[in-house]
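Each chain gets a letter, A, B and so on, in the order the sequences are listed, and its residues count up from 1.
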There are 2 protein chains.
Amino acid sequence: MAKSTSKEAISAEEKIKAAARKVFTQKGYAATRTRDIVEEAGLNIALLNYYFRSKEKLFEIIMLEKMQEFFGIIIPFLHDETTTLDKKIEQITNRYIDMLLQNPDMPIFVLSEIRNNNGLFKKIQVGKILQSSHFVRQLKEKQPGVQPLHFIASMLGMIIFPFVSKPVFKSAGVLNEHGFATMMEERKKLLPKWIKAMLGTK
Amino acid sequence: MAKSTSKEAISAEEKIKAAARKVFTQKGYAATRTRDIVEEAGLNIALLNYYFRSKEKLFEIIMLEKMQEFFGIIIPFLHDETTTLDKKIEQITNRYIDMLLQNPDMPIFVLSEIRNNNGLFKKIQVGKILQSSHFVRQLKEKQPGVQPLHFIASMLGMIIFPFVSKPVFKSAGVLNEHGFATMMEERKKLLPKWIKAMLGTK
DNA sequence: GTCTATAACCTGATAGAC
DNA sequence: GTCTATCAGGTTATAGAC
């Protein structure tokens, strides 16, 4: 059945999915109980199993969704043949930070669940997509000596790592929620400069 | 009782601790069963409870140990008043990568467990140590406009992020175990150059 | 479709023999 | 100190009423 587009109330199925998104990404698969999810949704366990068969099946749906978002968001920019390398760096930085500010728990969730369960991830062809991208071709032209992987790992590290270590900042009293958001907004300006500076070295 | 320094066989207590280190860091607290730990140690559950009282108490011991290593390793370099900023960057990069190559699962373990359980972490005064360090004073002199936090987040991101995303590289077929180690060895040379290039921008 | 009650299983922890 | 057997509690999943 196609999803209704009218303004009618959200279905139980959708409520459970939304709750699962929230709880799974916050606590991870192993630490979440089906009870946590249905309580968050204001429903009961029977409904979860009625719609999704099992905790594991529900998790797969959420996990695939999150991996798609996490890895998919920069693909259009990587393949854009009309933009310069510098422009791509700016777009990726801005777009990624914006998306992660909406989903701050996503990186640590996706990365730690892939550690626990590489099976699900293999469906996504990250390696091939990257290697065949216009972005990597441009990188090789600009810096023939350096593996693009090194550059990409650095760029993504600068963007994503603050989200992964956000709980550390908060617990250590270095940053609160608002301070973190401000910092990431500043980084949208700062990182492209730093990333381009890396390209200037030999 | 002081730990024996002779070459006698490893005690059951030490065997369980070693097994716990391995299993907890690989799977995280929630996903490990006490049975996993004692099987790894070749012993039985009763021993675990005899020596450590509970799964949680054993976990706390391992977790404190790992946090100490993860956050503590760079402190001596941060406070060294005899070295230049450039030298510190080289030392931190080299030393951190070496340690993480020995403990590749450590970053994702420590960071995801802090997310789940900030209580344990609060005992370590990361924020104060950082702010009062010679390293941060040197940074402020060199780049008065930029928050040291931005710089540190970038530097640590470039160093640590590859370890956090290692399962992605492996599952995606981009790198195998040996390729990853090679890449990190290359990064010991590459990162100091890139990090210093960031300092040169305004 | 939704709910309550319960089954079936798993996991951490302990009792008690050696 | 070490082990086997077992308990107590919690968790997922389902049966069956509405």
Side-chain angles (χ1 to χ4, degrees), chain A residues 1-64 113 116-117 119-120, chain B residues 1-64 109 112-113 116-117 119-120:
Chain A
M1 188 75 81
K3 203 185 293 179
S4 169
T5 52
S6 77
K7 58 194 170 199
E8 73 198 32
I10 301 149
S11 70
E13 186 174 356
E14 237 355 280
K15 274 184 196 162
I16 292 170
K17 233 169 155 175
R21 255 178 228 116
K22 180 171 175 185
V23 181
F24 275 139
T25 50
Q26 273 176 9
K27 314 214 292 183
Y29 177 78
T32 43
R33 301 169 308 153
T34 51
R35 280 167 170 77
D36 299 331
I37 294 171
V38 296
E39 274 167 29
E40 175 74 33
L43 298 168
N44 59 73
I45 302 190
L47 269 298
L48 187 154
N49 286 285
Y50 176 74
Y51 283 111
F52 301 99
R53 295 272 313 204
S54 71
K55 176 188 175 184
E56 203 177 340
K57 291 240 189 332
L58 173 56
F59 175 75
E60 286 188 14
I61 292 168
I62 306 300
M63 182 69 188
L64 286 172
E113 294 301 332
N116 294 347
N117 176 8
L120 271 181
Chain B
M1 187 75 80
K3 205 186 293 179
S4 170
T5 53
S6 77
K7 57 194 169 198
E8 74 198 34
I10 301 149
S11 69
E13 185 173 358
E14 236 357 279
K15 276 184 196 161
I16 292 169
K17 232 170 156 175
R21 256 177 227 117
K22 180 171 173 185
V23 181
F24 276 139
T25 49
Q26 274 177 8
K27 313 214 291 184
Y29 177 77
T32 31
R33 301 169 309 151
T34 53
R35 281 166 171 78
D36 299 331
I37 294 171
V38 295
E39 274 167 31
E40 175 73 31
L43 298 168
N44 59 73
I45 301 190
L47 269 299
L48 187 153
N49 287 284
Y50 175 74
Y51 283 111
F52 302 99
R53 296 269 315 201
S54 71
K55 175 188 177 185
E56 201 177 341
K57 292 241 189 331
L58 173 55
F59 175 75
E60 286 188 13
I61 292 168
I62 305 300
M63 182 70 187
L64 286 172
F109 167 73
S112 66
E113 294 301 334
N116 295 347
N117 176 10
L120 272 181

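- Near DNA chain C, meaning a heavy atom under 4.0 Å away, the residues from residues 44-51 of chain A are A/N44, A/A46, A/L47, A/Y50, A/Y51.
- Counting only residues at least two apart or on different chains, no salt bridge (Lys or Arg N to Asp or Glu O under 4.0 Å) pair has a member in residues 47-57 of chain B.
- Contacts of A/N49 classified as side chain to side chain contact (heavy atoms under 4.5 Å, CB included), with partners at least two apart in sequence or in another chain: A/I45.
- For A/N44 against A/V38, the heavy-atom pair with the smallest separation is O-CG1, 3.5 Å.
- Bracketed by its first and final contacts, the part of DNA chain C lying under 4.0 Å from non-hydrogen atoms of chain A reaches from C/dG1 to C/dT4 in 5' to 3' order.
- With the end axes of the helix from C/dG1-D/dC18 to C/dC18-D/dG1 each set by five pairs, the angle from one to the other reads 10° at 10° resolution.
- Here the closest non-hydrogen pair linking B/I10 and B/E14 is CG2-CB, 3.4 Å.
- Nearest approach of A/L120 to A/L64, heavy atoms of both residues: O-CD2, 4.2 Å.
- The salt bridge (charged side-chain N to carboxylate O under 4.0 Å, His left out) check on B/R33 picks up B/D36, with sequence neighbours excluded.
- The salt bridge (charged side-chain N to carboxylate O under 4.0 Å, His left out) search around B/K22 returns B/E40, not counting sequence neighbours.
- A/L47 approaches A/A12 most closely through the heavy-atom pair CD1-CB, 4.4 Å.
- At a non-hydrogen distance threshold of 4.0 Å, A/T32, A/R33, A/T34 from residues 25-34 of chain A come into contact with DNA chain D.
- Applying the ring pair (Phe, Tyr, Trp, His ring centres under 6.0 Å) test to every pair with at least one member in residues 45-64 of chain B, sequence neighbours left out, gives these pairs: B/F24-B/F59, B/Y29-B/F59.
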Self-check item: Chi angles and distances behind the side-chain contact (heavy atoms from CB on, under 4.5 Å) call for B/E113, B/N116
Solution: CA-CA 5 Å; B/E113 294 301 334; B/N116 295 347; 4.1 Å; yes
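- Between atom CE of residue B/M63 and atom CD1 of residue B/I61 there is a gap of 13.5 Å, rounded to the nearest 0.5 Å.
- Listed by first then second residue, pairs satisfying salt bridge (Lys or Arg N to Asp or Glu O under 4.0 Å) with a partner in residues 42-52 of chain A number zero, not counting sequence neighbours.
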